[in-house]
Amino acid sequence: MKKNIALIWGDCSSPEIVTQAVRVMDKIAEKYGHEFAYTDVAMGGEAIDKYGDPLPASELEKCKASDSVLLGAIGGPKWDGVPVPMRPEKGLLRLRSGMGLYTNIRPSKIWPQLAGASPLKESIVAKGIDIMIVRELTGGIYFGSHTTSEMENGEKKAVDVMEYTEHEIERCGRVAFESAMKRRKKVCSVDKANVLDTSRLWRATMEKLAKEYPEVEYSNMLVDNCAMQICKDPSQFDVLVTENMFGDILSDEASQIAGSIGMAPSSSLGDGTCGVYEPIHGSAPDIAGQNKINPCGCILSVAMMMRFSFGMAEEADAIEKAVDQVLSEGYRTADIMSEGCTCLSCSEMGDAILARL
Ligand code: IPM
Ligand code: MG
């Protein structure tokens, strides 16, 4: 198959992981007889430096014209001072909404080899961690209006608006229920329905949708309780579905209990097959240029791209198996290093995965 892949190299440590992910894609292409062509796209800090805009329309168009987008991570202290509408993160948000990617899937699965890296007690980890977080990605407080104004008494006031419509909730919920049907058939919808109207609409819409999936065991949970349950007994969860900001927060927590945020991939999809695939961690400015960052989250995002956008299940399995093997043989990057293991740099981790592909 021939596929056009847009590459967003990202900021700070990000190009280091994207480099390794591209090597993996090239190897997959060679091994399975595919042709992957790449188009570089500037977004975030890189685009601010080049164009004074975190995602110029021409760069968004390149992404929309591609078969899928691979992204490292954007942002860093260098751009902390830029005006809010021009921040690197705005580029990412515009990419998500501009491409209509309304659901973000973030799996959090314990690698048995990394059980020791989980901050949770062994007895809790032993019960298993295999959660799929389905996060709404183009609505909620991220996309409502944001204003800061000066009041008459000279005090400042800031307002962020959180909005949801039924169809936005329903289409995200559907992805969660469909995913659950292919997994352990459990959906837990997370909200703050005891306080927020958007959450009450969220809950009512999910409950209505649940009736269409009688085989799925459905439950609701308040977000504060969910944050607690994720570290108390993560084995109770299969698919978690939640709105944008709650999903942002809970997915960081869920990735860390599974060992390291450095291992966690994600996919963002809408109605079509063209998506954005990215590790869920940030651009790690503190270790930029040191060849230290863990490329696995980005490489595993490639596996998700193969599986979800290109229907290349065998290729995806091969990538995941290669990562699994490297871990089994005791190779680690610094973030997941433990006693008795061999610590590799980012590029050496890429070499190790490539050698097992
Ligand atoms: C994420 C990130 C982004 C988000 C930031 C960079 C805007 O934290 O993908 O989880 O909040 O969605
Ligand atoms: Mg986040």
Side-chain angles (χ1 to χ4, degrees), residues 8-14 17-18 21 41-48 53-55 60 63 69-80 82-108 131-144 146 160-162 164 168 172 190 223 226-227 230 240-258 260-270 275-286 288 293-294 297-298 300-301 304-305 335:
I8 302 176
W9 290 87
D11 304 320
C12 303
S13 295
S14 175
I17 55 173
V18 175
V41 172
M43 189 189 83
E46 186 194 353
I48 295 171
D53 180 337
L55 183 67
L60 174 61
C63 293
V69 182
L70 183 72
L71 159 65
I74 49 116
K78 183 178 173 192
W79 304 280
D80 274 352
V82 305
V84 175
M86 285 296 143
R87 282 188 64 86
E89 291 79 8
K90 283 283 177 197
L92 181 57
L93 300 188
R94 270 157 45 194
L95 179 72
R96 289 169 177 171
S97 78
M99 293 182 67
L101 310 175
Y102 54 79
T103 43
N104 179 217
I105 293 186
R106 301 188 159 185
S108 162
I131 308 173
M132 177 174 269
I133 295 191
V134 178
R135 168 189 177 193
E136 200 290 323
L137 202 61
T138 51
I141 202 160
Y142 275 59
F143 290 92
H146 309 284
D160 297 292
V161 176
M162 179 145 163
Y164 268 110
E168 287 177 308
C172 175
V190 179
V223 63
C226 183
I230 286 176
L240 279 180
V241 61
T242 191
E243 67 88 34
N244 206 343
M245 183 165 62
F246 297 160
D248 177 45
I249 299 167
L250 295 178
S251 62
D252 269 33
E253 185 191 10
S255 71
Q256 188 58 43
I257 60 162
S260 165
I261 194 167
M263 296 295 297
S266 81
S267 71
S268 304
L269 283 158
V276 171
Y277 295 82
E278 57 175 315
I280 87 165
H281 61 75
S283 60
D286 53 325
I293 188 169
N294 184 351
C298 195
L300 292 166
S301 299
M304 288 185 92
M305 179 192 288
D335 58 318

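All residue numbers in this chain count up from 1 along the given sequence. As the structure is a prediction and not an experimental result, all values here were calculated from the model. Order of appearance sets the numbers: ligands from 1, and atoms from 1 within every ligand. Just so you know, these numbers use all the heavy atoms, side chains as well, and skip hydrogens, waters and symmetry mates.
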**Prompt:** Are any of the side-chain heavy atoms of I8 and L95 separated by less than 4.5 Å?
**Reply:** yes
**Prompt:** Under 2.8 Å from the Mg ion (ligand 2), is there an N/O/S atom belonging to D252?
**Reply:** no
**Request:** Say whether D248, considering both its backbone and side-chain N or O atoms, lies within less than 3.5 Å of an N or O atom on ligand 1.
**Result:** yes
**Prompt:** Is there side-chain contact between S255 and R106, with heavy atoms separated by less than 4.5 Å?
**Reply:** no
**Complete:** Closest to atom 11 (O) of ligand 1 among protein heavy atoms sits Y142 OH, 2.6 Å
**Message:** Do L92 and M43 make a side-chain contact, defined as non-hydrogen atoms from C-beta onward lying under 4.5 Å apart?
**Reply:** yes
**Message:** Taking 4.0 angstrom as the limit and counting only heavy atoms of E89, give me the atoms of ligand 1 inside it, by number and element.
**Reply:** 6 (C), 7 (C)
**Complete:** Nearest heavy-atom approach of N104 to S268 is ND2-OG, 3.2 Å
**Asked** Just which atoms of ligand 1 are under 4.0 Å from any heavy atom in R135?
**Response** 1 (C), 4 (C), 9 (O), 10 (O), 11 (O), 12 (O)
**Prompt:** Would you say R96 contacts ligand 1, with heavy atoms under 4.0 Å as the rule?
**Reply:** yes
**Message:** Tell me whether E278 has any N or O atom under 3.5 angstrom from an N or O of ligand 1.
**Reply:** no
**Request:** Would you check whether R106 has a nitrogen or oxygen atom less than 3.5 angstrom from a nitrogen or oxygen atom of ligand 1?
**Result:** yes
**Asked** What N/O/S atom of D248 gets nearest to the Mg ion (ligand 2)?
**Response** OD1
**Item:** Distance-minimising heavy-atom pair for S301 and L70
**Value:** CB-CD1, 4.3 Å
**Asked** Looking at side-chain heavy atoms only, is the closest gap between F246 and L240 below 4.5 Å?
**Response** no
**contact_flag R87 ligand 1 heavy-atom lt 4.0 Å** = no
**Complete:** Rounding to 0.5 Å, atoms CG (L300) and CD1 (I280) come to a distance of 12.5 Å
